[in-house]
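Read the structure below first, then the notes.
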Number of protein chains: 4
Amino acid sequence: MTSPASGRPLRADALRNRAKVLAAAEEVFAVQGTSSSTEEVARKAGVGIGTVFRHFPTKESLLEAVLVALLERLAAEAAELRSSADPGAAFFGFFSRVVSQAATKQAITEALAEAGIDARETTGGAGSGLTAALGVLLERAQEAGEVRADVGPGEIMALLAGMSYAAARAGAREDLLRIAFDGLRSRPGPDRGAARG
Amino acid sequence: MTSPASGRPLRADALRNRAKVLAAAEEVFAVQGTSSSTEEVARKAGVGIGTVFRHFPTKESLLEAVLVALLERLAAEAAELRSSADPGAAFFGFFSRVVSQAATKQAITEALAEAGIDARETTGGAGSGLTAALGVLLERAQEAGEVRADVGPGEIMALLAGMSYAAARAGAREDLLRIAFDGLRSRPGPDRGAARG
Amino acid sequence: MTSPASGRPLRADALRNRAKVLAAAEEVFAVQGTSSSTEEVARKAGVGIGTVFRHFPTKESLLEAVLVALLERLAAEAAELRSSADPGAAFFGFFSRVVSQAATKQAITEALAEAGIDARETTGGAGSGLTAALGVLLERAQEAGEVRADVGPGEIMALLAGMSYAAARAGAREDLLRIAFDGLRSRPGPDRGAARG
Amino acid sequence: MTSPASGRPLRADALRNRAKVLAAAEEVFAVQGTSSSTEEVARKAGVGIGTVFRHFPTKESLLEAVLVALLERLAAEAAELRSSADPGAAFFGFFSRVVSQAATKQAITEALAEAGIDARETTGGAGSGLTAALGVLLERAQEAGEVRADVGPGEIMALLAGMSYAAARAGAREDLLRIAFDGLRSRPGPDRGAARG
DNA sequence: CATGAATGAGGCTTCATTCAT
DNA sequence: CATGAATGAAGCCTCATTCAT
């Protein structure tokens with residue numbers, strides 16, 4: 001998933017450059033926002049601007065690659081917790097960790113939002129990877145009675161994105177998570193018409 | 001508060017144009033994001049580019065004016081509910097309405113985030129206006145036992161921003177609000193270590 | 001000479017406004033250079049921008065009016081010295097005074113340069129007025145043997161512009177005048193090929 | 001000194017383009033004044049506007065480069081005459097040549113004025129280079145008795161700027177130089193109070 | 001007449017993208 | 001493949017000038 005779109009395999013040094021660019025882009029976009037220039041990325045990566053465009057023919061494609069990489073990493077983290085002994089801790093712990101990462105890397109929020117919205121062609125694979133892995137954690141937590149039964153992975157993704165956004169803007173706040181987690185645990189009584197517009 | 005920075009009052013036509021520009025900016029920024037061009041705004045408003053800059057000498061000032069206007073409107077909405085007979089409905093209803101507006105106007109999310117982060121000089125007045133009005137709704141709902149006692153206006157603002165973001169990206173989702181609202185209502189038992197990183 | 005181009009006489013208040021604008025322009029252009037905006041002039045004059053353009057339909061025309069006014073003033077000064085008892089002191093004193101004024105008002109330099117170059121339609125009248133008045137001082141100084149006989153008013157105007165420029169840029173410098181004045185007094189011997197290129 | 005600010009040497013073609021831009025700027029600024037647009041320069045140079053800004057990131061930096069180049073060229077000319085057999089001819093000849101160049105290139109006048117005013121950081125190096133080289137010519141001419149002893153390089157620079165200005169506006173005039181040169185040669189008698197204001 | 005709001009051409013600068021070296 | 005120079009569209013902003021109030 002970290003290989004280029006074209007079929008041909010890359011030479012070792014090319015692959016190294018690709019990785020350098022991706023890492024630089026991740027950092028630059030995280031720190032200075034996604035409107036940073038590609039030149040900035042190239043500089044940070046220590047390569048020429050041409051190299052950036054050789055590997056990622058478009059700024060958008062570079063941004064997407066960053067998001068995909070982030071999502072893949074998160075998906076991997078989630079997958080590791082799949083068989084944790086404490087499903088509740090696994091689920092909530094993962095959720096917390098993502099949000100606290102998002103506090104410093106705003107790209108994460110975007111990645112989550114993208115992934116949450118659509119299982120489109122673009123981030124599709126990666127996004128659904130995370131959704132699936134998160135789904136497993138969710139399901140196990142639900143079976144253990146730690147999370148209410150009437151929520152699905154899609155809602156969790158959206159909630160994750162929302163909390164990450166709040167954390168990115170207002171700072172990582174445990175208080176927000178407390179509310180969200182209580183909401184996720186609560187066994188709702190009869191519908192009290194919460195969301196009337 | 002929607003009048004220009006300079007002391008003198010504007011001529012009727014100038015005021016009309018200012019309003020047109022502001023409305024256009026609100027729409028453009030809502031639909032296409034805050035990085036839309038000022039030319040776009042001028043076109044939408046049906047005025048020359050010079051007129052935009054006469055009223056808002058900087059793109060940033062225009063953006064700020066939009067955010068301030070949004071926040072003021074929300075604050076006014078909240079203020080109207082101040083003495084509602086049903087404090088719980090007032091609070092949750094307001095929350096819902098904001099989020100559903102944010103679903104189409106992403107500028108709202110930004111406004112909330114700005115307002116939530118800082119009560120700085122810039123959006124300061126308006127932001128704190130909303131925070132204050134919302135604080136009243138919150139307090140009354142808490143007194144009525146509809147909202148847990150251990151949250152303050154700051155958390156609500158952050159939560160509002162987060163939910164709005166999610167709604168703006170993933171669509172207005174009642175399911176998310178349900179979770180959040182249950183979290184807000186729940187009387188937390190012993191700390192179950194929810195937010196461990 | 002300070003009346004508008006059009007034939008009709010102005011109302012008293014209009015005339016007053018014209019004078020205010022002219023004075024403001026003189027000061028603004030002197031201090032901040034001729035690329036200052038007309039708005040700046042209007043502000044300084046305490047009138048609306050429309051008033052500036054009513055009296056001077058073009059920025060260029062305003063600038064020209066400023067230059068003309070300066071030249072007229074200088075011409076008047078020169079004229080007053082016409083019958084001075086000491087022709088040498090009159091001539092050199094006038095020269096010095098102009099240059100020292102130019103040190104703070106760069107518009108003077110421009111005015112002199114314009115006047116020196118051409119007796120065109122534009123500054124023509126005023127420029128030739130100064131040239132003529134200065135010519136009288138020069139002639140009398142030459143008759144008194146204080147200035148060499150082989151220079152004419154045109155040269156003096158050009159020299160004045162050059163010295164004014166130097167003074168405006170490098171500060172009023174008596175040393176430069178000393179050189180120039182010695183050059184003007186000297187009775188040249190046989191041509192020593194001074195200006196070989 | 002005509003190389004770019006950054007340390008690295010430029011590729012051959014880049015250097016060629018830089019030179020083209022500089023030459024174009026010199027001509028454009030000479031003919032139409034330093035307020036000509038950078039687009040004009042780009043057009044004249046036959047390159048894209050982006051290329052101009054790649055080499056000179058600011059209009060001001062471009063202007064400065066032009067002035068520095070001019071001053072360097074003049075300094076080099078002066079340096080060549082350092083050991084001329086006829087110090088008087090060397091000094092006055094150089095002076096004449098500069099002024100006659102200024103007649104067509106008004107940028108020279110500005111360069112001289114800048115250099116004369118300040119030996120600041122900006123044009124500093126180049127400006128002082130010319131001042132120094134000119135100082136040598138002056139000293140030798142003074143030792144040969146061709147120039148009065150009571151003037152220094154600073155005065156010469158200012159005089160040069162003033163004469164250049166006059167030449168640029170009123171045309172190259174040998175008559176002005178004659179006066180200035182006679183002033184520079186004259187052995188002043190008792191102070192006749194030349195520069196009284 | 002005076003005012004100042006409206007206009008839009010034009011200036012400077014940035015940056016994604018292309019292409020010669 | 002890597003490099004970085006070249007490109008030009010597009011963005012922000014200024015300002016001389018016009019015109020409705």
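Protein chains get the first letters and strands the later ones, always in sequence-line order, with residue 1 at the start of each.
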Using heavy atoms to find the nearest nucleotide of DNA chain E for D:S35 and C:V52 separately, return the residue whose nucleotide is more 5′.
-> C:V52

Anything under 3.5 Å between a protein N or O and an N or O of nucleotides 17-21 of chain E, put it in a table, one pair a line.
| from | atom 1 | to | atom 2 | distance (Å) |
| --- | --- | --- | --- | --- |
| E:dT17 | OP2 | A:K59 | N | 2.8 |

Is any side-chain heavy atom of C:R18 less than 4.5 Å from a side-chain heavy atom of C:R54?
-> no

Rounded distance in Å - CZ (A:R18) to C1' (F:dC1) | 15 Å

Whole angstrom value for the distance that separates P of E:dA6 from CZ of B:R43 = 19 Å

Separation of E:dA2 C1' from C:L15 CG (nearest whole Å) | 15 Å

What pairs with D:E40 under salt bridge (Lys or Arg N to Asp or Glu O under 4.0 Å), at least two apart in sequence or on another chain?
-> D:R43

5'-most contact on DNA chain F (nearest-nucleotide basis), D:G46 vs A:V47, goes to A:V47

Rounded to whole Å, the CD-C1' distance (C:E40 to F:dT14) equals 13 Å

Passing candidate, side-chain contact (heavy atoms from CB on, under 4.5 Å) with D:S36, options D:V41, D:V28, D:L63 = D:V28

Hey, does the side chain of C:H55 come within less than 4.0 Å of E:dC1's phosphate (OP1/OP2), counting only N and O?
-> no

d(CG, B:L62; P, F:dG11) in whole Å | 15 Å

So how far is it from B:L71 CG to B:L112 CG, rounded to the nearest 0.5 Å?
-> 6.5 Å

Give the table of side-chain donor-acceptor pairs shorter than 3.5 Å for residues 104-111 of chain B, with sequence neighbours excluded, one pair per line with atom names and distance.
| from | atom 1 | to | atom 2 | distance (Å) |
| --- | --- | --- | --- | --- |
| B:T104 | OG1 | B:Q101 | O | 3.2 |
| B:K105 | NZ | B:E26 | OE2 | 3.3 |

Return one dot-bracket line describing DNA chain E 5' to 3' (Watson-Crick or G-U wobble pairs, both distances under 3.5 Å; ( ) same strand, [ ] crossing, | another strand, . none).
-> .||||||||||||||||||||

Output all residues satisfying salt bridge (Lys or Arg N to Asp or Glu O under 4.0 Å) with B:K59, sequence neighbours left out; order by chain, then residue number.
-> none

Starting from P on E:dC1, measure out to NZ on C:K20 and report it in whole angstrom.
-> 15 Å

Residues in salt bridge (Lys or Arg N to Asp or Glu O under 4.0 Å) contact with A:K20, at least two apart in sequence or another chain | none

Do C:F53 and C:L62 come within less than 4.5 Å of each other through their side chains, counting heavy atoms only?
-> no

Under 4.0 Å between a side-chain N/O of A:N17 and OP1 or OP2 of F:dA2, yes or no?
-> yes

May I ask you to verify if any side-chain N or O of D:T51 is less than 4.0 angstrom from the OP1 or OP2 atom of F:dA5?
-> no

In whole angstrom, give the distance that lies between atom CG of B:L63 and atom C1' of F:dC12.
-> 14 Å

Residue C:A14, side-chain heavy atoms: nucleotide from E:dC12, F:dA2, E:dA2 that is nearest = E:dA2

In whole angstroms, the gap separating C1' of E:dC15 from CD of A:Q32 amounts to 15 Å

OG1 of D:T38 to CZ of D:F56: how many Å apart, nearest 0.5 Å?
-> 12.0 Å

